[in-house]
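Residue numbers begin at 1 in each chain, while the letters A, B, ... track the order of the sequences. Computed from heavy atoms alone, side chains included, the values below leave out hydrogens, waters and symmetry copies.
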Amino acid sequence: MRIATWNVNGIRPRMEQIKRLLDEQYLDVLCMQEVKIAEDIFPHDFFEQLGYGHRAVVSQKANHGVAIVSRLPFDADWRQVFWDKDDKRHVAVRFGDLMLHNFYMPAGGDKPDTDVNEKFAHKLGFYDHLIDWTPENHKASEKVLFMGDFNIAPLETDVWNHKKLVKSVGHSPGETERWSKLKQALDFVDLPRRDLSDDQSLFTWWGYRYPLAFAKDYGWRLDHAFATQPLNQDIRDVQVLKDTRSWEKPSDHIPIIVEL
DNA sequence: ATGGTGGTCCAACCA
């Protein structure tokens, strides 16, 4: 079973790229973030024709929005609102004893200061709620997979320049501490780093604003996949698909694929 | 210290 996560940055301008990813990678399940489309006009027919007959969509007009599309039927779907702000950032599905959660965490605005930046307060509040909620709803002995765009680059080697970026939103101490607490909540394995040393850099996002960002490898690791220990036993391979960032009309994020 | 791009939707917000 091959499960992927990808922040597509708008599902409508990314239809060709999504089809290409599904075809080339033989995916069974795709978790998407930032679909940016009203729920009632989600392109269900497109996925139906590609063989993804099972879908769980939590989205809205213009911004945010998540979806899970699957070839395999799931037994149940679940949506949770965190920090009392229902801007379509979570959907989950259950395949037998496997619980799969898809998250799109708040980005957090420009300044890492909760006094002047409400978006940063929202980001920390969302994390705090999730850190409490996770062990209330799951056990470390269950098979749980958290995937998505968590908008935090936790390690020094998860950004292209730690010293330059340590006071930036996405890599500040208040954020990286919360990422670690979330990881500890169910004794999760950080899958993309499972077989990679912490001194090796690993990125999943290169911004559009500076056009040379990808060429110069000015990246951040914002997208994550966490597995509980029992699930980790079942995981055969983990891939980060850097190549997709050089496709025509790319998303600014790249996919992570987990094979069970 | 600043601005660079892209998506949504048509002024301005989000990232």
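In this structure, A/Asn117 atom CG and B/dA15 atom P are separated by 10 Å, rounded to whole Å. Atom CG of A/Asp110 and atom P of B/dG3 are 12 Å apart (whole Å). Atom CH2 of A/Trp220 and atom C1' of B/dA15 are 12 Å apart (whole Å).
The separation of B/dG6 from B/dT2, taken at their P atoms, amounts to 23 Å, rounded to a whole angstrom. The gap from the P atom of B/dC14 to that of B/dA1 amounts to 24 Å, rounded to the nearest Å. Straight-line distance between the C1' atoms of B/dC9 and B/dA15: roughly 16 Å, to the nearest whole Å.
For A/Lys19 and A/Asp23, the salt-bridge test passes: some basic side-chain N is under 4.0 Å from an acidic carboxylate O. A/Arg2 and A/Asp28 are not joined by a salt bridge, as no carboxylate oxygen comes within less than 4.0 angstrom of a charged side-chain nitrogen.
Between the side chains of A/Ser172 and A/Glu175, a donor-acceptor pair is found at a separation under 3.5 Å.
Nucleotide B/dG7 forms a Watson-Crick or G-U wobble pair with B/dC13, both donor-acceptor distances falling under 3.5 Å.
Of the listed residues (A/Val91, A/Val29, A/Leu30), just one forms a side chain to side chain contact (heavy atoms under 4.5 Å, CB included) with A/Asn102, and that residue is A/Val91.
Interatomic distance, A/Gln80 CD to A/Trp78 CH2, rounded to the nearest 0.5 Å: 7.0 Å.
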Please encode protein proximity along nucleotides 5-14 of chain B as a string of B, S and -, counting only heavy-atom distances under 4.0 Å.
BBBSS----S
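Side-chain contact between A/Gln33 and A/Phe103 is absent, with no heavy-atom pair separated by less than 4.5 Å.
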